[in-house]
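Right, one structure below, let's go through it.
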Amino acid sequence: MQVVRTRADLRAVLAGARRPVGLVPTMGWLHAGHVSLVERARAESATVVMSIFVNPRQFGEARDFEQYPRNEARDLAMAEAAGVDVVFAPGVEEVYPPGFDTVVSVGAIARPLEGAARPGHFDGVATVVAILFALVGAERAYFGAKDYQQVAVIRRMALDLALPTEVVPCPTVREPDGLALSSRNARLSADGRARAAVLHRALTVGGDRIRAGERSADAVREAVARVLGEEAAASVDYVSAADPDTLAELHEIDGRALLSLAVRIEGVRLIDNELVG
Ligand code: PAF
């Protein structure tokens with residue numbers, strides 16, 4: 001496995017790479033969810049590239065960026081064991097060189113949910129992913145479905161900017177109690193970690209209501225919120241039942257819905273979703 005830190009070295013290494021190339025963009029602190037992305041990329045690509053870059057432009061609060069867990073040595077060992085060929089682990093200046101002054105800003109799909117809760121977040125994501133897509137020129141890039149809206153934003157961006165990389169969403173990997181794997185889980189205490197299972201429990205209750213024939217989106221949102229309300233440690237940011245294509249909130253559910261939520265536990269902001277129908 002080669003580790004490169006500059007745009008120039010990445011381009012040089014990839015110039016002779018066997019194709020197709022699969023890209024797994026990450027912010028490090030790798031877990032089994034990232035490994036599942038690498039496995040999928042490995043199965044479909046001759047060369048697997050992983051980027052490890054904690055992107056300051058997608059964090060609203062400086063504290064959130066500073067507290068984001070980091071351990072490069074551990075990440076590199078995991079990446080190598082998972083079958084990555086090339087790791088791109090640049091410094092901030094290499095991704096955003098002096099004078100950098102461009103923002104990729106996606107429209108309507110980036111506005112609700114995470115976009116409303118975290119102003120500027122998706123501009124930061126779209127900008128860094130556009131740079132990564134341009135640098136790597138991969139045939140495919142792999143993203144976790146836990147960040148459903150992120151996948152939708154990146155898809156829109158790649159389509160609109162005619163970037164040739166296909167965006168491949170991969171299933172959320174969960175702990176046995178249903179908690180979606182996330183690098184942020186590492187910031188929870190053992191008690192908070194156990195309480196965080198309420199996110200998936202609440203989504204399952206909402207999904208079950210829809211599967212049982214409930215058509216009122218309000219009733220579903222209320223059912224999800226009620227479960228979250230039973231967990232005193234959970235402070236709810238939003239509960240949503242939205243159209244899976246537009247992410248607009250639904251009034252009536254006609255089979256398909258994206259249930260999603262954002263909740264803080266011990267100050268750690270966790271998100272999850274379930275696509276129903
Ligand atoms: O999902 C993430 O880890 C990040 O948002 C991404 C896609 C690597 C961009 O920084």
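Counting convention: from 1, in listed order, for ligands and their atoms alike. As the structure is a computational prediction, the values presented were derived from the model and not from experiment.
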For A180, which residues count as a side chain to side chain contact (heavy atoms under 4.5 Å, CB included) partner, sequence neighbours excluded?
-> K146, T172, R174, D272
Starting from atom 2 (C) of ligand 1, locate the nearest protein heavy atom and write down its residue, its atom name and how far away it is, to 0.1 Å.
-> Q150 NE2, 3.8 Å
Can S189 and E266 be counted as having a side-chain donor-acceptor contact under 3.5 angstrom?
-> yes
Taking the six-membered ring of W29, is the NZ or CZ of R184 close enough (under 6.0 Å from the centre) and on axis enough (within 45°)?
-> no
Tell me, please, which residues at least two apart from F59 pass ring pair (Phe, Tyr, Trp, His ring centres under 6.0 Å).
-> F65, Y68
Could you label the plane-to-plane angle of the H31 and H34 rings as parallel, tilted or perpendicular, counting under 30° as parallel and over 60° as perpendicular?
-> tilted
Would you say ligand 1 has an N or O under 3.5 Å from any N or O of Q58?
-> yes
At what distance is the nearest protein heavy atom to atom 3 (O) of ligand 1, and which residue and atom is it?
-> M27 CG, 3.6 Å
Logged contact type for T26 with ligand 1, heavy-atom cut-off 4.0 Å, is backbone
Counting each atom of ligand 1 from 1 as listed, which ones have a heavy atom of P25 under 4.0 Å away?
-> 8 (C)
Which atoms of ligand 1 sit under 4.0 Å from any heavy atom of V128?
-> 9 (C), 10 (O)
